[in-house]
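Report on the following structure.
A quick note: this is a predicted structure, and the numbers were derived from the prediction, not measured. Below, all heavy atoms of this structure are taken into account, side chains as well, without hydrogens, waters or symmetry copies.
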Amino acid sequence: MICIMEGHQLQARPSIRAPLAADWALSHGISALTTAEIAELLGVPAAQVSQRLAEPVRRTEWVTPARGLWVPVPPQYRGWGGPPPLEVVADLARFCEVDYYVGWLSAAAVYGAGHQAAQVTQVAVSRAVRTRTVGRARLTFHVRARATAGPVRPHTVRTGPVRVATPELTVLDLTTDILAGGGLDNVATVVVELADDPGLDLSTLAALAETFPVAAVRRVGWILEQHTDVSGLDVLSRVGGRGYARPSRLSPHAPDVGPVDQRWQVRVNRTVEVEA
C-alpha cells in the first residue's frame, strides 16, 4: 500500500468527513498519515485533528503508534484494536527516521519456525525507540549497529514490504541474545527449524559470524551438529575457533561447569531439549 509520507501529495478534493476518513484512506491504498496530512484531508487546522478523530479512534478505526502518526485500521482488525504489527513496523520506522529489521523470534515466525507464539514483535533499530503497544500488539525495539546494514529479506504484507532478518542473521541474533529468544531450549528449537526450512547457507552464515561474539557462533555450531543433519560445518568451526581460547558457556545463564566440546569450544553446562 501507498503511504502518503513517502512523497505522495493529497490532490485537491472536497474535504473528507472524519467518520469516513479511515475507510477513505484504506480504499486509496494509504497505510499511514501524519497529523499534517490528516488536517489537510479533513480541511481543519492540525490542532483539531485529535478532537476530530477522537470518536473514530474510540471505534478503533485509527491507531496512533507514535505521536503525529495515524494508521487506518481495516474493518477485519478493528475488533483486535489494530492491524497486525508487521503492517505497522515499516511506516513507524520511517516516521521515526530509523533503520530497522524485524528479528529474533519475530523473524523466525515469518519463516514458520518456533513452537511458541511470539508475545511481542521484536525489531532491531539504529537508535533508541521506546516500546509501545498498538492495539493488542506489543512492539519492542533493540538498538543494534547492524540494523542499518544487516542482511535482510523483504517480506510482503498488506501495507507493503517489511525488512526481515535473513535466517542466518536470525540464528546468530538468537544465540547472542538467549533471553530474547525465550531461553536456550527455545532458541535451539528455532535454530533447528530454520536449518531445516528454509535452510541455512553455511558460507553466508560463516561470513556473517565474523561480526558476532564468538560465543554465539560456537552455540550455533554446537546446536547444528548435535541436533541436525547439516554437513559442512567446518567453515563455521573455523570462525568459532578464532581468538578467544577459553570455552564459551552453552547457556550464558548457567554456572560455568560441565564437559567441554573440544570441536566447538563449548562448555555444555546444561542439557538442551529441542521440541520435535
Side-chain angles (χ1 to χ4, degrees), residues 1-11 21-22 25-26 28-42 44-50 52-53 57 61-74 77 81-107 109-110 118 120-135 137-166 169-170 172-173 176-177 180 208 211:
M1 281 195 171
I2 298 170
C3 177
I4 283 183
M5 293 183 297
E6 294 179 357
H8 300 273
Q9 299 297 317
L10 291 170
Q11 299 175 356
L26 292 166
H28 284 75
I30 296 170
S31 59
L33 290 163
T34 64
T35 294
E37 290 165 340
I38 291 278
E40 185 176 353
L41 180 66
L42 300 182
V44 300
Q48 292 186 16
V49 167
S50 293
R52 294 297 182 99
L53 292 186
V57 167
E61 294 172 7
W62 294 91
V63 291
T64 53
R67 185 183 297 275
L69 179 65
W70 302 80
V71 173
V73 182
Y77 298 126
L86 289 187
E87 296 186 1
V88 176
V89 168
D91 284 327
L92 178 59
R94 188 180 301 111
F95 182 77
C96 294
E97 298 182 332
V98 296
D99 296 316
Y100 81 97
Y101 65 79
V102 175
W104 295 276
L105 295 179
S106 300
V110 168
V120 299
T121 297
Q122 299 166 308
V123 184
V125 286
S126 53
R127 64 172 176 80
V129 176
R130 65 175 177 81
T131 295
R132 60 199 67 210
T133 300
V134 181
R138 188 164 178 260
L139 289 80
T140 61
F141 301 89
H142 310 271
V143 178
R144 295 292 185 273
R146 64 182 62 89
T148 300
V152 299
R153 292 182 181 178
H155 173 68
T156 302
V157 296
R158 178 186 59 86
T159 51
V162 180
R163 291 166 50 88
V164 177
T166 61
L169 176 55
T170 300
L172 287 165
D173 272 342
T176 300
D177 302 319
L208 184 59
T211 65

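- Legend: salt bridge (charged side-chain N to carboxylate O under 4.0 Å, His left out) pairs involving residues 122-132, not counting sequence neighbours: none detected.
- Every residue meeting the side-chain hydrogen bond (donor to acceptor under 3.5 Å, both in side chains) condition with Thr140, not counting sequence neighbours, appears here in chain and number order: His142.
- Evaluation of the side-chain contact (heavy atoms from CB on, under 4.5 Å) rule for Thr148 yields Asp99, Ser126 as partners, not counting sequence neighbours.
- The minimum heavy-atom distance linking Ser106 with Val120 is given by the pair OG-O, 3.4 Å.
- A donor-acceptor pair under 3.5 Å is absent between the side-chain atoms of Gln48 and the main chain of Pro45, judged by distance alone.
- Scanning for side-chain contact (heavy atoms from CB on, under 4.5 Å) contacts around Ala107 gives Val164, Ala165, Thr170, with sequence neighbours left out.
- Legend: salt bridge (charged side-chain N to carboxylate O under 4.0 Å, His left out) pairs involving residues 140-149, not counting sequence neighbours, sorted by first then second residue: Arg144-Asp177, Arg146-Asp173.
- Listed here is the closest heavy atom pair of Asp91 and Ser31: OD2-OG, 2.7 Å.
- Pro72 meets the side-chain contact (heavy atoms from CB on, under 4.5 Å) test with Ala22, Ala25, Leu26, Trp62; sequence neighbours excluded.
- Residues Val102 and Leu86 approach most closely at CG2-CD2, 3.8 Å, considering heavy atoms.
- Remark: Trp70 engages no residue in a ring-ring contact (aromatic ring centres under 6.0 Å, His included) (not counting sequence neighbours).
- Among residues two or more places apart in sequence or in another chain, the side-chain hydrogen bond (donor to acceptor under 3.5 Å, both in side chains) test is passed with Arg163 by none.
- With Thr121 contributing its side chain and Leu139 its backbone, the two residues share no donor-acceptor pair below 3.5 Å.
- Here the side chain of Gln122 pairs a donor or acceptor atom with the backbone of Leu105 at under 3.5 angstrom.
- Applying the side-chain contact (heavy atoms from CB on, under 4.5 Å) rule to Pro161 yields the partners Pro154; only residues at least two apart in sequence or on another chain are considered.
- When the side-chain hydrogen bond (donor to acceptor under 3.5 Å, both in side chains) test is applied to Thr176, no partner is found at least two apart in sequence or on another chain.
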